[in-house]
Every structure is written in C-alpha cells, then in structure tokens.
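Beneath this line is the structure, given in structure tokens, with notes to follow.
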2 protein chains.
Amino acid sequence: MFESYHQILKRNRYKVTPQRKAILEVLDNTRGMHFTAEEIYNQVKKTNPQIGIATVYRTLELLVRLEIVYKSSFDEGRHRYEFYEGDRHFHHHFLCNKCGVIIEVEEDYLCQLEGVLEERGFMISNHNLRLYGLCPACHRKEKHPETR
Amino acid sequence: MFESYHQILKRNRYKVTPQRKAILEVLDNTRGMHFTAEEIYNQVKKTNPQIGIATVYRTLELLVRLEIVYKSSFDEGRHRYEFYEGDRHFHHHFLCNKCGVIIEVEEDYLCQLEGVLEERGFMISNHNLRLYGLCPACHRKEKHPETR
DNA sequence: ACCTAATTGATAATAATTATCATTTGCAAT
DNA sequence: ATTGCAAATGATAATTATTATCAATTAGGT
C-alpha cells in the first residue's frame, strides 16, 4: 500500500527522498482528512524538522501531477490536498455551514446529467461537486438546542 | 430590474454611490460571464476612471453578502463573480480543459443525491458543481482536426 | 566510492486580497 | 438648500498563499 507510491515515483523517474516519503506517510495516516499545504508542513515537521515549506508545495504539486493526490479549493483562499482514491470520478464533498466539517459523499447520481451533456456534444472527464448545508450533528442541534 | 438593486442597498442601510452603481451596471451588462475582480475593475474604469481596485473588492464582497452576486473559485488562484440569478440552487459550471470556456449548465439532477443525504440527516442548502472535459467545439476539433 | 542531475532549504518574488487611514460624500435632519 | 457626520472611497501598505531562484546537498546508477 505504501510501497506502491514508491513504485509510482520510480516508474516516473522521480527520486524517493526522505522528504517525499514523509509527506506520503502523513497523507497516508490522514486519509479522509483535507489538509492545507501548511497543515501538512506542520505534520511533516514532527518527523522531519529540517523540511522547508517549499518542498511541501513542490511535492504536493508532483503528487497531484502523478494523480496520487487530489487538490481542491473550498473557496477559503487556499487549497486542500487529499489522497486520490482512484475512481474515474472523484467523490463529492459536503461542507457544513456551521461547524465547517468536510464530509465525503460517495454517491454518484450525476451520470444522468452527464448523459444529457454528452448527447449535446460535451465530453465530460471529471466533475467536482460541493454541497453546503448542515451536517447531521448540526442539524440535530438546530432542531433540539441543548444550551443557550 | 436595475432599480431593485438600488432598493436592496437602501433597505440594508448601504449608500448608493456612483461606484456601486457603476459596478452593478457592469455586472448587469455581462450576465452569463464570470469575471475576476480585476476584470470588473478594468470594465468599471472605462466609465469611472478614478475608481480604486479596493472599492471593487469591497463592493463585490458587499454584493456577495447581500446575495446579489455569487463568488466562485475555479482553482485558478483567484475568484470570479457573477450575478446571482436567485434560484434556490445555483446553476452548474462546465469548464473546458482545452479552450477554458466556462459554460453554464442549467439541468439539475442532484435532487436524488440530495434526497439520499437528507434521509441521513443532512440539510442541504446549496451546491456547487463543476464539470470538466471538452466543450462541443473542442470535442469536435479533437475528432476532426482541421489544422496543424 | 564517485558522478551528476535531481532535489532541497532558505529566501526573495509574485499575485490576489485585505487593512489602514486621511479625505470625500451620500443623505437624514434641520 | 445647508449642514453634520457616519459611511464610503482611493491610495497604498500589509498580509497571505504560492511560486521562483539559486547555491548546497543527495539519491541512485555506474
């Protein structure tokens, strides 16, 4: 599981450096999270205190190019990175307006919409859906407020 | 149609300045377009050469707060703004990987997905879908290359 | 162990956006 | 119509995320 990333780097003639291994390890240990470059930098510094943030940015860009990592913008003025789980279509994101949690949504009901567009001559290669609202926890609290 | 924005500003105790009017006018004249703050600034300068870019940013933020304008990120490292057409759900965007055109997609087949999530306790208030691929023009060219 | 091109870390540069602040102005009250 | 003042503006400095530069280091083939 971890060796495979080693292989992908080698296959593409990239060197397997301790920095790259450390960044991949952080990403591997935080599957399901959506971290910014700076958050990843802070994690990696725990094991590699000498690492520079430029290396983190460079490595993340490399991993994005190799389609190991997915980069997305949630309109916060910075990007977030996560392991690319490798389906043809990326999963969706739900963002809670209240607590800010980002929850992954696996369902894919967009085929129908894509079908309509492809009939019209589009060629859809990927999509990115963001859903906004209240997550179950916040929605419950809104209906049954405990405090205040 | 234009007077109504005047009313929204007044109702919310914001002053109706020439700068705000000019920015609204540009947005009104470019419905369907997705402009960056700088592009809007350049447009507005044609009629209001003295305007500062800070005012453009401030006014756009104000219009976003008033839900007159929608702000979205297409992962280019800057934001784009457009009139909010006021449906409960925002329309979708198709982005051509080749020519970069942004085409609006009106179909809404997400109700089904949202239904599943609401059964699970989520409360969905909005969504934002980006589709990537080739627009009909580029897709045709790819199949029948004329030049090169 | 050596060679060399790739990689790194430090840091300068850039680009978009936000904050500051003195000046100006819309508009409500007179 | 005039005035007073909070709100808004323009110029520009500051900030923030990201990218570029470059000398020093290093992975990995020989």
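The model shown is predicted, which means the values in this text are computed figures rather than measured ones. The basis for the numbers below is simple: all heavy atoms, side chains too, and nothing from hydrogens, waters or symmetry mates. Quick note on labels: first sequence line is chain A, next is B, and so on, each numbered from 1.
The side chain of A:Gln19 places an N or O atom within less than 4.0 Å of a non-bridging phosphate oxygen (OP1 or OP2) of C:dG9. Proximity of A:Thr17 to the phosphate of D:dA27: no side-chain N or O atom is located under 4.0 Å from OP1 or OP2. OP1 or OP2 of D:dA11 has not a single side-chain nitrogen or oxygen of B:Gln50 nearer than 4.0 Å.
Taking the six-membered ring for Trp and the full ring otherwise, B:Tyr5 and B:Phe83 have centroids separated by under 6.0 Å.
Following rounding to the nearest Å, A:Asn12 (CG) and C:dA6 (P) show an atom-to-atom distance of 14 Å. For B:Arg20 and D:dA8, the CZ to C1' distance is 6 Å, given to the nearest whole Å. Rounded to whole Å, the distance from CZ on A:Arg11 to C1' on D:dG28 is 18 Å. Put simply, CD1 on B:Ile51 is 14 Å from C1' on C:dT25, counting in whole angstrom units. The nearest whole Å value for the distance from the CG atom in A:Asn42 to the C1' atom in D:dA17 is 14 Å. Regarding A:Leu60, its CG atom lies at a distance of 15 Å from the P atom of D:dA17, rounded to whole Å. Atom-to-atom, CG of B:Asn48 to C1' of C:dT25 comes out at 14 Å; the value is rounded to the nearest Å. Between the OH atom of B:Tyr41 and the P atom of D:dT12 there is a distance of 11 Å, given to the nearest Å.
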Review item, nucleotides 16-20 of chain C N/O atoms under 3.5 Å of protein N/O:
from: C:dT17; atom 1: OP1; to: B:His79; atom 2: N; distance (Å): 3.0
from: C:dT17; atom 1: OP1; to: B:His79; atom 2: ND1; distance (Å): 2.9
from: C:dT17; atom 1: OP2; to: B:Tyr57; atom 2: OH; distance (Å): 2.5

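Across all their heavy atoms, B:Ile23 and B:Thr55 have their closest contact at CD1-O, 4.2 Å. Taking every heavy atom of both residues into account, B:Tyr41 and B:Ile53 meet most closely at CE1-N, 3.5 Å. Nearest heavy-atom pair across A:Ala22 and A:Val44 is CB-CG1, 3.9 Å.
Comparing A:Arg13 and B:Lys15 by the nucleotide of DNA chain C whose heavy atom lies nearest to each, the residue mapping closer to the 5' end is A:Arg13.
The closest donor-acceptor contact from the side chain of A:Thr30 to the backbone of A:Met33 lies at 3.5 Å or more, if one exists at all. At least one donor-acceptor pair closer than 3.5 Å links the side chain of B:Arg20 to the backbone N or O of B:Lys15. Of the possible donor and acceptor atoms, one in the side chain of A:Glu39 sits under 3.5 Å from a partner among the backbone N and O of A:Thr36. Side-chain N or O atoms of A:Thr59 include none that pairs as donor or acceptor with a backbone N or O of A:Val56 at under 3.5 Å. A donor-acceptor pair is defined here as one N or O able to donate and one able to accept, closer than 3.5 Å; such a pair exists between the side chain of A:Arg80 and the backbone of A:His34.
No engagement by A:Pro49 is indicated, since no non-hydrogen atom pair under 4.0 Å with the nucleic acid exists.
Relative to the side chain of A:Lys10, the nucleotides D:dG28, C:dT8, D:dA6 differ in distance, and D:dG28 lies closest.
With the end axes of the helix from C:dA1-D:dT30 to C:dT30-D:dA1 each set by five pairs, the angle from one to the other reads 40° at 10° resolution.
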